[in-house]
Amino acid sequence: MASQVTVFVENRPGRISKVTRVLADNELNIRAITISDMGEYGLINVVTNDPDRAEEVLRKEGLTVSRKYVIGVMMEDKPGSLADIAEFLHKKEINVANAYGFILKEGARAVLIIEVDDFTHAERVLKKGGFHTLTKEELENL
Amino acid sequence: MKDTYWEGETETMDRRALQALQLHRLNETIASARNSDFYRGKLPVRVERLEEIETLPFTTKQDLRDSFPAGMVAVPKEDLVRLHSSSGTTGRATVVYHTKRDIDVWADLCARSMYMTGMRNTDVFQNMMGYGLFTGGLGLHYGAERLGALTIPASSGNSKRQIRLMCDFHTTAFHITPSYALHLYGVFCEEGVDPKRDLPLRIALLGAEPYSEGTRRKIEKLYGIDAFNSYGLSEMSGPGVAFECTYKEGMHVWEDAFLLEVIDPKTGTPLTDGDEGELVFTTLRREGMPLIRYRTGDIASVNRKGCPCGRTHRRISRIKGRSDDMLIIKGVNIYPMQIEKILMDIPEVGNNYLIEIDTVDYLDTLVVKIEVGQKTFHGTISELEGLKRRITDLLRTEILIHPKVVLVEHGSLPPSEGKAVRVIDRRGEK
Ligand SMILES: [Zn+2]
(Lines give C-alpha, C1' and ligand atoms only; values in the text may rest on other atoms or scores of the structure.)
Protein backbone atom coordinates (compact mmCIF):
# COMPACT_ATOMS: atom_id res chain seq x y z
CA MET A 1 0.00 0.00 0.00
CA ALA A 2 1.33 3.37 -0.92
CA SER A 3 0.92 6.30 1.42
CA GLN A 4 1.47 10.01 1.44
CA VAL A 5 2.11 12.43 4.27
CA THR A 6 0.01 15.57 4.49
CA VAL A 7 1.33 18.63 6.29
CA PHE A 8 -0.79 21.50 7.55
CA VAL A 9 0.86 24.85 6.79
CA GLU A 10 -0.10 28.48 7.04
CA ASN A 11 -0.06 30.34 3.78
CA ARG A 12 3.05 32.42 4.36
CA PRO A 13 6.39 32.55 2.59
CA GLY A 14 8.85 29.78 3.28
CA ARG A 15 6.51 27.05 4.39
CA ILE A 16 6.93 24.81 1.34
CA SER A 17 10.69 25.22 1.36
CA LYS A 18 10.67 24.38 5.07
CA VAL A 19 8.93 21.06 4.42
CA THR A 20 11.11 20.11 1.46
CA ARG A 21 14.26 21.18 3.29
CA VAL A 22 13.46 18.94 6.26
CA LEU A 23 12.92 16.00 3.91
CA ALA A 24 16.13 16.72 1.98
CA ASP A 25 18.19 17.06 5.15
CA ASN A 26 17.02 13.60 6.10
CA GLU A 27 17.89 12.22 2.68
CA LEU A 28 14.34 11.46 1.73
CA ASN A 29 13.41 11.53 -1.94
CA ILE A 30 10.29 13.33 -2.94
CA ARG A 31 8.42 11.41 -5.65
CA ALA A 32 5.58 13.85 -5.93
CA ILE A 33 4.29 16.94 -4.15
CA THR A 34 1.02 18.86 -4.45
CA ILE A 35 -0.50 21.69 -2.53
CA SER A 36 -4.16 22.26 -1.75
CA ASP A 37 -4.42 25.99 -1.25
CA MET A 38 -7.29 27.12 0.98
CA GLY A 39 -6.36 30.78 1.18
CA GLU A 40 -5.08 31.36 4.68
CA TYR A 41 -3.80 27.79 4.96
CA GLY A 42 -2.88 24.89 2.75
CA LEU A 43 -2.16 21.19 2.81
CA ILE A 44 1.06 19.89 1.33
CA ASN A 45 0.82 16.28 0.14
CA VAL A 46 4.13 14.51 -0.32
CA VAL A 47 4.91 11.07 -1.65
CA THR A 48 8.41 10.00 -0.65
CA ASN A 49 10.47 6.86 -0.81
CA ASP A 50 10.00 6.32 2.96
CA PRO A 51 6.69 7.65 4.32
CA ASP A 52 7.32 6.37 7.88
CA ARG A 53 10.50 8.36 8.18
CA ALA A 54 9.02 11.35 6.40
CA GLU A 55 6.19 11.48 8.94
CA GLU A 56 8.61 11.10 11.83
CA VAL A 57 11.07 13.81 10.79
CA LEU A 58 8.34 16.33 9.92
CA ARG A 59 6.65 15.78 13.29
CA LYS A 60 9.95 16.20 15.04
CA GLU A 61 10.13 19.67 13.48
CA GLY A 62 6.86 20.54 15.23
CA LEU A 63 4.77 20.35 12.07
CA THR A 64 1.25 18.96 12.12
CA VAL A 65 1.32 15.86 9.95
CA SER A 66 -1.19 13.26 8.88
CA ARG A 67 -0.62 9.99 7.07
CA LYS A 68 -2.96 8.73 4.43
CA TYR A 69 -3.09 5.67 2.24
CA VAL A 70 -3.26 6.46 -1.43
CA ILE A 71 -3.28 4.37 -4.56
CA GLY A 72 -0.42 4.66 -7.00
CA VAL A 73 -1.51 3.49 -10.41
CA MET A 74 1.18 2.74 -12.93
CA MET A 75 0.48 4.03 -16.44
CA GLU A 76 2.23 4.53 -19.71
CA ASP A 77 3.47 8.03 -20.36
CA LYS A 78 1.44 8.61 -23.51
CA PRO A 79 -1.67 10.56 -24.45
CA GLY A 80 -4.86 8.91 -23.25
CA SER A 81 -3.44 6.95 -20.30
CA LEU A 82 -4.88 9.26 -17.73
CA ALA A 83 -8.22 9.40 -19.53
CA ASP A 84 -8.43 5.61 -19.48
CA ILE A 85 -8.04 5.46 -15.70
CA ALA A 86 -10.41 8.34 -15.10
CA GLU A 87 -13.07 6.78 -17.27
CA PHE A 88 -12.65 3.42 -15.59
CA LEU A 89 -13.02 4.94 -12.09
CA HIS A 90 -16.05 6.88 -13.21
CA LYS A 91 -17.67 3.78 -14.64
CA LYS A 92 -17.04 1.91 -11.41
CA GLU A 93 -18.49 4.81 -9.41
CA ILE A 94 -15.33 5.43 -7.41
CA ASN A 95 -15.16 8.95 -6.13
CA VAL A 96 -11.73 10.54 -6.29
CA ALA A 97 -11.02 13.14 -3.62
CA ASN A 98 -7.68 14.21 -5.02
CA ALA A 99 -5.36 13.07 -7.79
CA TYR A 100 -1.95 13.99 -9.08
CA GLY A 101 0.62 12.33 -11.26
CA PHE A 102 4.33 12.15 -11.84
CA ILE A 103 6.48 10.82 -14.64
CA LEU A 104 9.09 8.19 -13.93
CA LYS A 105 11.04 8.32 -17.17
CA GLU A 106 10.15 10.57 -20.01
CA GLY A 107 8.19 8.77 -22.67
CA ALA A 108 8.09 5.55 -20.65
CA ARG A 109 6.10 5.30 -17.46
CA ALA A 110 4.15 7.56 -15.14
CA VAL A 111 2.38 7.14 -11.80
CA LEU A 112 -1.03 8.53 -10.93
CA ILE A 113 -1.61 9.03 -7.21
CA ILE A 114 -5.27 9.03 -6.19
CA GLU A 115 -6.96 9.66 -2.87
CA VAL A 116 -10.26 7.84 -2.46
CA ASP A 117 -12.74 7.39 0.39
CA ASP A 118 -12.78 3.59 0.35
CA PHE A 119 -9.18 2.66 -0.24
CA THR A 120 -9.47 -1.14 -0.12
CA HIS A 121 -12.45 -1.30 -2.44
CA ALA A 122 -10.90 1.04 -5.01
CA GLU A 123 -7.62 -0.86 -5.08
CA ARG A 124 -9.42 -4.18 -5.57
CA VAL A 125 -11.52 -2.78 -8.40
CA LEU A 126 -8.47 -1.30 -10.15
CA LYS A 127 -6.52 -4.55 -9.92
CA LYS A 128 -9.47 -6.48 -11.28
CA GLY A 129 -9.66 -3.97 -14.13
CA GLY A 130 -6.11 -4.87 -15.09
CA PHE A 131 -4.36 -1.81 -13.69
CA HIS A 132 -1.10 -2.15 -11.81
CA THR A 133 -1.19 -0.52 -8.39
CA LEU A 134 2.08 0.09 -6.61
CA THR A 135 3.04 -1.62 -3.36
CA LYS A 136 4.91 0.16 -0.61
CA GLU A 137 8.13 -1.55 -1.68
CA GLU A 138 7.68 -0.66 -5.32
CA LEU A 139 7.20 2.95 -4.42
CA GLU A 140 10.33 2.92 -2.27
CA ASN A 141 12.43 1.47 -5.05
CA LEU A 142 11.21 3.58 -7.94
CA MET B 1 -38.54 21.64 55.83
CA LYS B 2 -35.85 20.29 58.11
CA ASP B 3 -34.67 18.02 55.33
CA THR B 4 -34.66 20.62 52.58
CA TYR B 5 -32.62 23.38 54.20
CA TRP B 6 -29.50 23.68 56.27
CA GLU B 7 -30.69 26.86 57.97
CA GLY B 8 -34.33 26.97 56.89
CA GLU B 9 -35.33 30.08 58.76
CA THR B 10 -32.60 32.19 57.18
CA GLU B 11 -32.78 30.62 53.74
CA THR B 12 -36.54 31.16 53.35
CA MET B 13 -36.86 34.41 55.34
CA ASP B 14 -39.29 36.82 53.70
CA ARG B 15 -37.66 39.69 51.84
CA ARG B 16 -38.77 42.40 54.27
CA ALA B 17 -37.34 40.57 57.28
CA LEU B 18 -34.20 39.78 55.31
CA GLN B 19 -33.72 43.45 54.45
CA ALA B 20 -34.22 44.45 58.08
CA LEU B 21 -31.55 41.92 59.03
CA GLN B 22 -29.27 43.31 56.31
CA LEU B 23 -29.71 46.87 57.58
CA HIS B 24 -28.90 45.80 61.11
CA ARG B 25 -25.79 43.92 59.99
CA LEU B 26 -24.73 46.70 57.62
CA ASN B 27 -24.60 49.10 60.55
CA GLU B 28 -22.57 46.61 62.56
CA THR B 29 -20.21 46.29 59.61
CA ILE B 30 -19.87 50.07 59.25
CA ALA B 31 -19.15 50.46 62.95
CA SER B 32 -16.50 47.79 62.78
CA ALA B 33 -14.96 48.99 59.50
CA ARG B 34 -14.49 52.46 60.97
CA ASN B 35 -11.79 50.92 63.17
CA SER B 36 -9.57 50.10 60.20
CA ASP B 37 -6.92 52.45 58.81
CA PHE B 38 -8.47 52.31 55.37
CA TYR B 39 -12.08 53.14 56.28
CA ARG B 40 -11.33 55.55 59.14
CA GLY B 41 -13.02 58.87 58.38
CA LYS B 42 -14.62 57.59 55.18
CA LEU B 43 -17.87 56.22 56.57
CA PRO B 44 -20.91 57.69 58.32
CA VAL B 45 -21.71 56.54 61.87
CA ARG B 46 -24.74 54.66 60.62
CA VAL B 47 -27.31 54.53 57.83
CA GLU B 48 -31.07 54.65 58.35
CA ARG B 49 -32.17 52.85 55.22
CA LEU B 50 -30.60 50.10 53.14
CA GLU B 51 -30.66 52.30 50.02
CA GLU B 52 -28.21 54.67 51.69
CA ILE B 53 -25.51 52.15 50.89
CA GLU B 54 -25.30 54.05 47.58
CA THR B 55 -23.82 57.03 49.40
CA LEU B 56 -20.88 54.99 50.71
CA PRO B 57 -17.63 54.83 48.73
CA PHE B 58 -16.65 51.82 46.66
CA THR B 59 -13.72 49.63 47.59
CA THR B 60 -11.58 48.35 44.71
CA LYS B 61 -8.97 45.69 44.19
CA GLN B 62 -6.43 48.51 43.95
CA ASP B 63 -7.51 49.72 47.42
CA LEU B 64 -6.86 46.22 48.72
CA ARG B 65 -3.41 46.23 47.16
CA ASP B 66 -2.65 49.69 48.47
CA SER B 67 -3.62 48.61 51.99
CA PHE B 68 -1.07 45.83 51.94
CA PRO B 69 -0.35 44.19 54.29
CA ALA B 70 -3.07 44.92 56.86
CA GLY B 71 -4.64 48.35 56.27
CA MET B 72 -8.20 47.03 56.25
CA VAL B 73 -8.04 44.92 59.39
CA ALA B 74 -10.67 46.10 61.88
CA VAL B 75 -9.84 44.03 64.97
CA PRO B 76 -6.82 43.66 67.25
CA LYS B 77 -4.19 41.34 65.83
CA GLU B 78 -4.67 38.75 68.56
CA ASP B 79 -8.22 38.13 67.32
CA LEU B 80 -7.04 37.06 63.86
CA VAL B 81 -6.56 33.36 63.26
CA ARG B 82 -6.03 32.99 59.50
CA LEU B 83 -5.08 34.88 56.39
CA HIS B 84 -5.52 34.06 52.73
CA SER B 85 -3.58 35.85 50.06
CA SER B 86 -3.89 36.10 46.31
CA SER B 87 -0.94 35.03 44.21
CA GLY B 88 -0.46 38.61 43.08
CA THR B 89 0.45 37.84 39.49
CA THR B 90 -0.12 41.47 38.62
CA GLY B 91 0.90 44.03 41.18
CA ARG B 92 0.93 43.50 44.93
CA ALA B 93 -0.89 40.63 46.60
CA THR B 94 -4.27 41.11 48.23
CA VAL B 95 -4.67 39.71 51.73
CA VAL B 96 -7.86 38.82 53.60
CA TYR B 97 -7.81 38.21 57.37
CA HIS B 98 -10.22 36.12 59.40
CA THR B 99 -11.19 35.83 63.04
CA LYS B 100 -12.26 32.56 64.56
CA ARG B 101 -15.88 33.54 64.08
CA ASP B 102 -15.25 34.50 60.43
CA ILE B 103 -13.96 31.00 59.72
CA ASP B 104 -17.00 29.65 61.52
CA VAL B 105 -19.49 31.73 59.51
CA TRP B 106 -17.69 30.86 56.29
CA ALA B 107 -17.87 27.14 57.08
CA ASP B 108 -21.58 27.51 57.76
CA LEU B 109 -22.20 29.28 54.45
CA CYS B 110 -20.29 26.58 52.63
CA ALA B 111 -22.18 23.83 54.46
CA ARG B 112 -25.44 25.57 53.62
CA SER B 113 -24.44 25.75 49.95
CA MET B 114 -23.43 22.11 49.77
CA TYR B 115 -26.54 20.98 51.60
CA MET B 116 -28.57 22.92 49.04
CA THR B 117 -27.14 20.76 46.22
CA GLY B 118 -28.33 17.64 48.03
CA MET B 119 -25.13 16.71 49.87
CA ARG B 120 -25.72 15.05 53.26
CA ASN B 121 -23.66 13.70 56.14
CA THR B 122 -23.78 10.27 54.53
CA ASP B 123 -21.75 11.52 51.57
CA VAL B 124 -18.06 10.90 50.95
CA PHE B 125 -16.66 14.17 49.71
CA GLN B 126 -13.42 14.30 47.72
CA ASN B 127 -12.04 17.82 47.55
CA MET B 128 -9.92 18.14 44.41
CA MET B 129 -9.22 21.85 44.74
CA GLY B 130 -5.88 23.24 45.74
CA TYR B 131 -5.40 23.72 49.47
CA GLY B 132 -3.27 26.48 50.90
CA LEU B 133 -3.46 30.19 50.22
CA PHE B 134 -6.09 29.55 47.54
CA THR B 135 -9.50 29.69 49.23
CA GLY B 136 -11.30 27.12 47.05
CA GLY B 137 -9.87 24.10 48.82
CA LEU B 138 -10.09 25.07 52.48
CA GLY B 139 -13.47 26.79 52.10
CA LEU B 140 -15.41 23.73 51.03
CA HIS B 141 -13.25 21.48 53.19
CA TYR B 142 -14.52 23.22 56.31
CA GLY B 143 -18.03 23.34 54.84
CA ALA B 144 -18.08 19.59 54.17
CA GLU B 145 -16.88 18.80 57.68
CA ARG B 146 -19.46 21.15 59.12
CA LEU B 147 -22.09 19.35 57.09
CA GLY B 148 -20.83 16.07 58.46
CA ALA B 149 -19.66 14.49 55.20
CA LEU B 150 -16.62 12.20 55.28
CA THR B 151 -14.05 14.53 53.72
CA ILE B 152 -11.04 13.45 51.66
CA PRO B 153 -8.58 16.37 51.33
CA ALA B 154 -7.18 15.08 48.04
CA SER B 155 -6.21 18.54 46.75
CA SER B 156 -5.62 19.04 43.01
CA GLY B 157 -3.60 17.01 40.52
CA ASN B 158 -2.27 13.44 40.44
CA SER B 159 -5.16 11.98 38.44
CA LYS B 160 -4.39 8.32 39.04
CA ARG B 161 -4.35 8.84 42.78
CA GLN B 162 -7.63 10.77 42.55
CA ILE B 163 -9.21 7.81 40.79
CA ARG B 164 -7.79 5.34 43.29
CA LEU B 165 -9.17 7.38 46.19
CA MET B 166 -12.56 7.49 44.51
CA CYS B 167 -12.56 3.72 44.02
CA ASP B 168 -11.17 2.86 47.47
CA PHE B 169 -13.43 5.09 49.53
CA HIS B 170 -16.55 5.14 47.33
CA THR B 171 -16.61 8.88 46.82
CA THR B 172 -20.12 10.23 46.20
CA ALA B 173 -19.46 13.97 45.86
CA PHE B 174 -16.47 15.90 44.58
CA HIS B 175 -15.26 19.46 44.15
CA ILE B 176 -13.38 20.08 40.93
CA THR B 177 -12.68 22.61 38.19
CA PRO B 178 -14.66 21.87 35.01
CA SER B 179 -11.56 21.56 32.85
CA TYR B 180 -10.02 19.09 35.28
CA ALA B 181 -13.27 17.09 35.35
CA LEU B 182 -13.06 16.72 31.57
CA HIS B 183 -9.38 15.84 31.71
CA LEU B 184 -9.90 13.33 34.53
CA TYR B 185 -12.52 11.51 32.50
CA GLY B 186 -9.85 10.73 29.91
CA VAL B 187 -7.67 9.24 32.65
CA PHE B 188 -10.64 7.20 33.87
CA CYS B 189 -10.90 5.70 30.37
CA GLU B 190 -7.18 4.91 30.29
CA GLU B 191 -7.47 3.19 33.65
CA GLY B 192 -10.43 1.16 32.45
CA VAL B 193 -12.78 2.58 35.08
CA ASP B 194 -16.21 3.82 34.05
CA PRO B 195 -17.19 6.39 36.70
CA LYS B 196 -20.83 6.03 35.73
CA ARG B 197 -20.93 2.28 36.20
CA ASP B 198 -18.20 1.58 38.73
CA LEU B 199 -18.55 4.43 41.24
CA PRO B 200 -21.40 5.73 43.42
CA LEU B 201 -20.68 9.35 42.36
CA ARG B 202 -23.74 11.60 42.41
CA ILE B 203 -22.72 15.24 42.90
CA ALA B 204 -19.99 17.46 41.46
CA LEU B 205 -19.40 21.00 42.67
CA LEU B 206 -17.79 22.98 39.88
CA GLY B 207 -15.94 26.21 40.39
CA ALA B 208 -12.88 28.42 40.05
CA GLU B 209 -13.07 28.98 36.29
CA PRO B 210 -15.63 30.04 33.69
CA TYR B 211 -17.44 27.35 31.76
CA SER B 212 -20.57 26.97 29.71
CA GLU B 213 -23.87 25.22 30.22
CA GLY B 214 -22.72 22.79 27.52
CA THR B 215 -19.66 21.82 29.55
CA ARG B 216 -21.81 21.26 32.62
CA ARG B 217 -24.14 18.95 30.70
CA LYS B 218 -21.19 17.09 29.26
CA ILE B 219 -19.69 16.51 32.72
CA GLU B 220 -23.06 15.37 34.04
CA LYS B 221 -23.43 12.89 31.21
CA LEU B 222 -19.90 11.52 31.34
CA TYR B 223 -19.99 10.92 35.09
CA GLY B 224 -23.71 10.24 35.46
CA ILE B 225 -24.08 12.91 38.15
CA ASP B 226 -25.59 16.31 38.93
CA ALA B 227 -23.09 19.14 38.59
CA PHE B 228 -23.58 22.47 40.36
CA ASN B 229 -22.26 25.89 39.55
CA SER B 230 -20.79 28.01 42.33
CA TYR B 231 -19.52 31.54 42.80
CA GLY B 232 -17.07 32.97 45.24
CA LEU B 233 -14.03 35.21 45.46
CA SER B 234 -11.23 35.37 47.96
CA GLU B 235 -12.13 38.98 48.87
CA MET B 236 -15.52 37.66 50.06
CA SER B 237 -13.71 34.82 51.92
CA GLY B 238 -13.89 32.37 49.01
CA PRO B 239 -16.49 29.83 47.90
CA GLY B 240 -19.92 29.98 49.51
CA VAL B 241 -20.98 33.43 48.31
CA ALA B 242 -23.52 32.01 45.84
CA PHE B 243 -24.44 28.48 44.84
CA GLU B 244 -26.98 26.68 42.71
CA CYS B 245 -29.90 24.82 44.20
CA THR B 246 -31.23 21.65 42.59
CA TYR B 247 -33.23 23.70 40.08
CA LYS B 248 -29.93 24.91 38.56
CA GLU B 249 -31.31 28.19 37.31
CA GLY B 250 -28.93 30.75 38.73
CA MET B 251 -26.99 30.84 41.97
CA HIS B 252 -28.60 31.96 45.25
CA VAL B 253 -26.50 34.69 46.84
CA TRP B 254 -26.45 34.36 50.64
CA GLU B 255 -27.87 37.79 51.29
CA ASP B 256 -27.80 37.49 55.06
CA ALA B 257 -24.00 37.50 54.72
CA PHE B 258 -23.41 39.63 51.63
CA LEU B 259 -25.20 42.79 50.57
CA LEU B 260 -25.45 42.57 46.80
CA GLU B 261 -25.62 45.48 44.36
CA VAL B 262 -25.31 45.54 40.58
CA ILE B 263 -23.81 48.67 39.06
CA ASP B 264 -22.96 50.07 35.67
CA PRO B 265 -19.21 49.40 35.53
CA LYS B 266 -18.58 52.62 33.59
CA THR B 267 -20.51 55.10 35.73
CA GLY B 268 -20.94 53.28 39.03
CA THR B 269 -24.70 53.88 38.93
CA PRO B 270 -26.81 51.17 40.59
CA LEU B 271 -28.87 49.10 38.14
CA THR B 272 -32.17 47.36 38.68
CA ASP B 273 -32.64 43.62 38.91
CA GLY B 274 -32.43 41.91 35.57
CA ASP B 275 -29.90 44.36 34.15
CA GLU B 276 -26.46 43.08 33.40
CA GLY B 277 -23.75 44.83 35.36
CA GLU B 278 -20.85 44.55 37.77
CA LEU B 279 -21.50 42.71 41.03
CA VAL B 280 -20.69 44.71 44.16
CA PHE B 281 -20.67 43.11 47.60
CA THR B 282 -20.57 44.40 51.16
CA THR B 283 -19.68 41.84 53.81
CA LEU B 284 -22.36 41.66 56.49
CA ARG B 285 -20.88 39.07 58.81
CA ARG B 286 -17.13 39.52 58.69
CA GLU B 287 -15.28 40.83 61.71
CA GLY B 288 -11.61 40.59 60.80
CA MET B 289 -11.71 42.55 57.60
CA PRO B 290 -15.09 44.02 56.64
CA LEU B 291 -15.34 45.29 53.08
CA ILE B 292 -17.77 47.98 51.97
CA ARG B 293 -19.11 48.00 48.41
CA TYR B 294 -16.35 45.85 47.00
CA ARG B 295 -16.23 45.98 43.22
CA THR B 296 -15.75 42.42 42.01
CA GLY B 297 -15.27 43.23 38.33
CA ASP B 298 -17.56 40.28 37.58
CA ILE B 299 -20.41 40.92 35.16
CA ALA B 300 -23.73 39.15 35.76
CA SER B 301 -27.42 39.86 36.18
CA VAL B 302 -29.71 39.33 39.17
CA ASN B 303 -32.97 37.42 39.18
CA ARG B 304 -35.33 38.43 41.97
CA LYS B 305 -38.11 36.04 40.98
CA GLY B 306 -38.96 33.45 43.58
CA CYS B 307 -37.29 30.08 43.17
CA PRO B 308 -39.31 26.85 43.31
CA CYS B 309 -36.90 25.64 45.99
CA GLY B 310 -38.46 28.14 48.41
CA ARG B 311 -35.30 30.12 49.15
CA THR B 312 -35.84 33.87 49.08
CA HIS B 313 -32.24 34.86 48.44
CA ARG B 314 -31.88 36.34 44.97
CA ARG B 315 -30.09 34.45 42.24
CA ILE B 316 -27.29 35.63 39.98
CA SER B 317 -26.65 34.41 36.45
CA ARG B 318 -23.46 32.78 35.31
CA ILE B 319 -20.61 35.29 35.27
CA LYS B 320 -20.57 36.66 31.76
CA GLY B 321 -17.17 38.30 31.91
CA ARG B 322 -14.87 40.69 33.70
CA SER B 323 -15.66 44.38 33.50
CA ASP B 324 -12.00 45.24 32.75
CA ASP B 325 -12.06 42.93 29.73
CA MET B 326 -15.18 44.25 28.05
CA LEU B 327 -14.79 44.92 24.35
CA ILE B 328 -17.13 46.91 22.19
CA ILE B 329 -17.13 45.43 18.71
CA LYS B 330 -19.51 46.85 16.10
CA GLY B 331 -21.35 48.46 18.98
CA VAL B 332 -21.94 45.17 20.77
CA ASN B 333 -20.57 44.52 24.26
CA ILE B 334 -18.50 41.37 24.24
CA TYR B 335 -16.49 39.67 26.95
CA PRO B 336 -13.62 37.43 25.93
CA MET B 337 -14.94 34.94 28.48
CA GLN B 338 -17.99 34.36 26.27
CA ILE B 339 -15.71 33.31 23.44
CA GLU B 340 -13.49 31.34 25.79
CA LYS B 341 -16.42 29.29 27.11
CA ILE B 342 -17.46 28.29 23.60
CA LEU B 343 -13.98 27.36 22.49
CA MET B 344 -13.44 25.33 25.66
CA ASP B 345 -16.44 23.22 24.66
CA ILE B 346 -14.80 22.21 21.40
CA PRO B 347 -12.34 19.46 22.25
CA GLU B 348 -10.17 20.04 19.18
CA VAL B 349 -9.56 23.65 20.18
CA GLY B 350 -8.86 23.56 23.90
CA ASN B 351 -6.72 26.45 25.07
CA ASN B 352 -4.96 27.14 21.83
CA TYR B 353 -6.61 30.23 20.48
CA LEU B 354 -6.13 33.97 20.14
CA ILE B 355 -8.73 36.69 19.67
CA GLU B 356 -7.74 39.62 17.45
CA ILE B 357 -9.78 42.75 16.93
CA ASP B 358 -8.90 45.09 14.13
CA THR B 359 -10.35 47.76 11.89
CA VAL B 360 -10.67 47.02 8.19
CA ASP B 361 -12.20 49.75 5.99
CA TYR B 362 -13.46 51.56 9.10
CA LEU B 363 -15.27 48.43 10.29
CA ASP B 364 -14.43 46.34 13.32
CA THR B 365 -13.40 42.79 12.62
CA LEU B 366 -13.15 39.93 15.03
CA VAL B 367 -10.65 37.25 14.17
CA VAL B 368 -10.36 34.07 16.18
CA LYS B 369 -7.15 32.18 15.53
CA ILE B 370 -7.11 28.49 16.27
CA GLU B 371 -4.07 26.24 16.28
CA VAL B 372 -4.31 23.07 14.26
CA GLY B 373 -2.57 20.36 16.25
CA GLN B 374 -2.08 16.66 15.71
CA LYS B 375 -5.38 15.96 17.49
CA THR B 376 -7.38 18.14 15.08
CA PHE B 377 -5.74 17.06 11.89
CA HIS B 378 -6.42 13.96 9.84
CA GLY B 379 -5.27 15.27 6.53
CA THR B 380 -8.55 16.38 5.00
CA ILE B 381 -9.78 19.80 4.06
CA SER B 382 -13.40 18.88 4.78
CA GLU B 383 -12.55 18.25 8.44
CA LEU B 384 -10.78 21.59 8.82
CA GLU B 385 -13.48 23.54 7.00
CA GLY B 386 -16.12 21.77 9.09
CA LEU B 387 -14.34 22.83 12.26
CA LYS B 388 -14.17 26.42 11.04
CA ARG B 389 -17.86 26.43 10.23
CA ARG B 390 -18.80 24.91 13.57
CA ILE B 391 -16.81 27.51 15.52
CA THR B 392 -18.19 30.36 13.41
CA ASP B 393 -21.80 29.26 13.94
CA LEU B 394 -21.41 28.76 17.69
CA LEU B 395 -19.75 32.14 18.12
CA ARG B 396 -22.28 33.97 15.99
CA THR B 397 -25.11 32.56 18.08
CA GLU B 398 -23.44 33.61 21.35
CA ILE B 399 -22.00 37.04 20.54
CA LEU B 400 -24.15 38.02 17.52
CA ILE B 401 -21.12 38.99 15.51
CA HIS B 402 -19.78 37.08 12.55
CA PRO B 403 -16.20 36.21 13.45
CA LYS B 404 -13.51 35.21 11.00
CA VAL B 405 -12.01 31.94 12.10
CA VAL B 406 -8.43 31.46 10.97
CA LEU B 407 -6.53 28.19 11.29
CA VAL B 408 -2.86 28.55 12.15
CA GLU B 409 0.04 26.19 12.67
CA HIS B 410 0.69 24.48 15.95
CA GLY B 411 3.05 26.49 18.13
CA SER B 412 2.47 29.81 16.38
CA LEU B 413 0.31 31.31 19.16
CA PRO B 414 1.62 32.37 22.58
CA PRO B 415 1.63 29.43 25.01
CA SER B 416 -1.56 28.93 26.99
CA GLU B 417 -0.07 28.47 30.45
CA GLY B 418 -1.02 30.93 33.15
CA LYS B 419 -2.51 34.24 32.20
CA ALA B 420 -1.30 34.39 28.62
CA VAL B 421 -2.65 37.23 26.52
CA ARG B 422 -5.56 35.82 24.56
CA VAL B 423 -6.97 39.09 23.26
CA ILE B 424 -5.18 41.59 21.04
CA ASP B 425 -6.99 44.78 20.17
CA ARG B 426 -5.28 46.39 17.19
CA ARG B 427 -7.84 49.14 16.74
CA GLY B 428 -6.27 52.49 17.26
CA GLU B 429 -2.81 51.21 16.41
CA LYS B 430 -2.97 52.87 13.01
ZN1 LIG C 1 -33.53 27.74 44.38
Side-chain angles (χ1 to χ4, degrees), chain A residues 1-19 22 32-48 51-52 54-71 95-100 113-119, chain B residues 339 343 346-361 363 365-393 395-396 402-417 420 422 424 426:
Chain A
M1 277 184 288
S3 63
Q4 70 179 15
V5 290
T6 304
V7 190
F8 175 89
V9 287
E10 283 169 34
N11 193 355
R12 57 186 158 90
R15 300 318 284 162
I16 299 172
S17 59
K18 160 98 186 174
V19 170
V22 170
I33 184 163
T34 60
I35 297 154
S36 313
D37 183 2
M38 292 302 290
E40 90 240 3
Y41 70 89
L43 302 187
I44 303 181
N45 302 308
V46 209
V47 176
T48 62
D52 294 336
E55 181 177 5
E56 186 196 318
V57 298
L58 289 167
R59 276 197 194 196
K60 220 186 251 163
E61 283 296 312
L63 291 156
T64 300
V65 184
S66 164
R67 181 73 172 279
K68 199 192 281 169
Y69 289 117
V70 290
I71 302 174
N95 191 36
V96 177
N98 192 17
Y100 51 97
I113 300 286
I114 53 176
E115 284 178 34
V116 289
D117 299 330
D118 189 344
F119 171 82
Chain B
I339 300 175
L343 297 178
I346 304 170
E348 302 97 299
V349 177
N351 287 331
N352 298 319
Y353 65 89
L354 182 73
I355 300 163
E356 282 183 352
I357 304 138
D358 207 345
T359 321
V360 176
D361 293 335
L363 289 174
T365 57
L366 176 68
V367 175
V368 180
K369 289 190 169 171
I370 312 276
E371 277 189 3
V372 174
Q374 226 38 81
K375 216 164 52 168
T376 324
F377 186 57
H378 299 96
T380 67
I381 285 170
S382 57
E383 183 185 33
L384 297 173
E385 290 299 301
L387 177 66
K388 268 174 78 172
R389 216 165 24 242
R390 194 146 53 96
I391 297 169
T392 309
D393 289 347
L395 286 175
R396 198 174 40 204
H402 192 112
K404 181 172 162 57
V405 176
V406 174
L407 302 178
V408 298
E409 281 173 36
H410 178 69
S412 59
L413 299 180
S416 64
E417 283 113 79
R422 298 276 177 77
I424 297 175
R426 297 192 197 282

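The structure displayed is predicted, hence computed values, not measured ones. Reminder, nothing fancy here: chain letters follow the sequence lines and each chain counts from 1.
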>> Is it the case that the side chains of Y100(A) and E115(A) hold a donor-acceptor pair, with the cut-off being a distance below 3.5 Å and no angle test?
In response: no

> Which value, rounded to the nearest 0.5 Å, describes the distance between M38(A) atom CE and S36(A) atom OG?
Replying inline: 8.5 Å

> Under 3.5 Å, is there a donor-acceptor pair between the side chain of D37(A) and the main chain of G39(A)?
Replying inline: yes

>> Under 4.5 Å from any heavy atom of chain A, what part of E385(B) do you find: side chain, backbone, both or neither?
In response: both

> K375(B) versus chain A, heavy atoms under 4.5 Å apart: side chain, backbone, both or neither?
Replying inline: neither

>> Give me the atom names and distance for the closest heavy-atom approach of Q374(B) to S66(A).
In response: NE2-N, 4.5 Å

> F8(A) versus chain B, heavy atoms under 4.5 Å apart: side chain, backbone, both or neither?
Replying inline: both

> Who among N45(A), V5(A), V65(A), L63(A) has the most heavy-atom pairs with chain B under 4.5 Å?
Replying inline: V65(A)

> Checking K404(B) against chain A: side chain, backbone, both or neither under 4.5 Å from a heavy atom?
Replying inline: side chain

> Is it the side chain or the backbone of S412(B) that comes within 4.5 Å of chain A heavy atoms, both, or neither?
Replying inline: side chain

>> Applying side chain to side chain contact (heavy atoms under 4.5 Å, CB included) to V367(B) and D358(B), what does each step give before you reach the verdict?
In response: CA-CA 8 Å; V367(B) 175; D358(B) 207 345; over 6 Å; no

> Using non-hydrogen atoms only, which part of R15(A) is less than 4.5 Å away from chain B: side chain, backbone, both, or neither?
Replying inline: side chain

> Are side-chain heavy atoms of Y353(B) and I346(B) found at a separation under 4.5 Å?
Replying inline: no

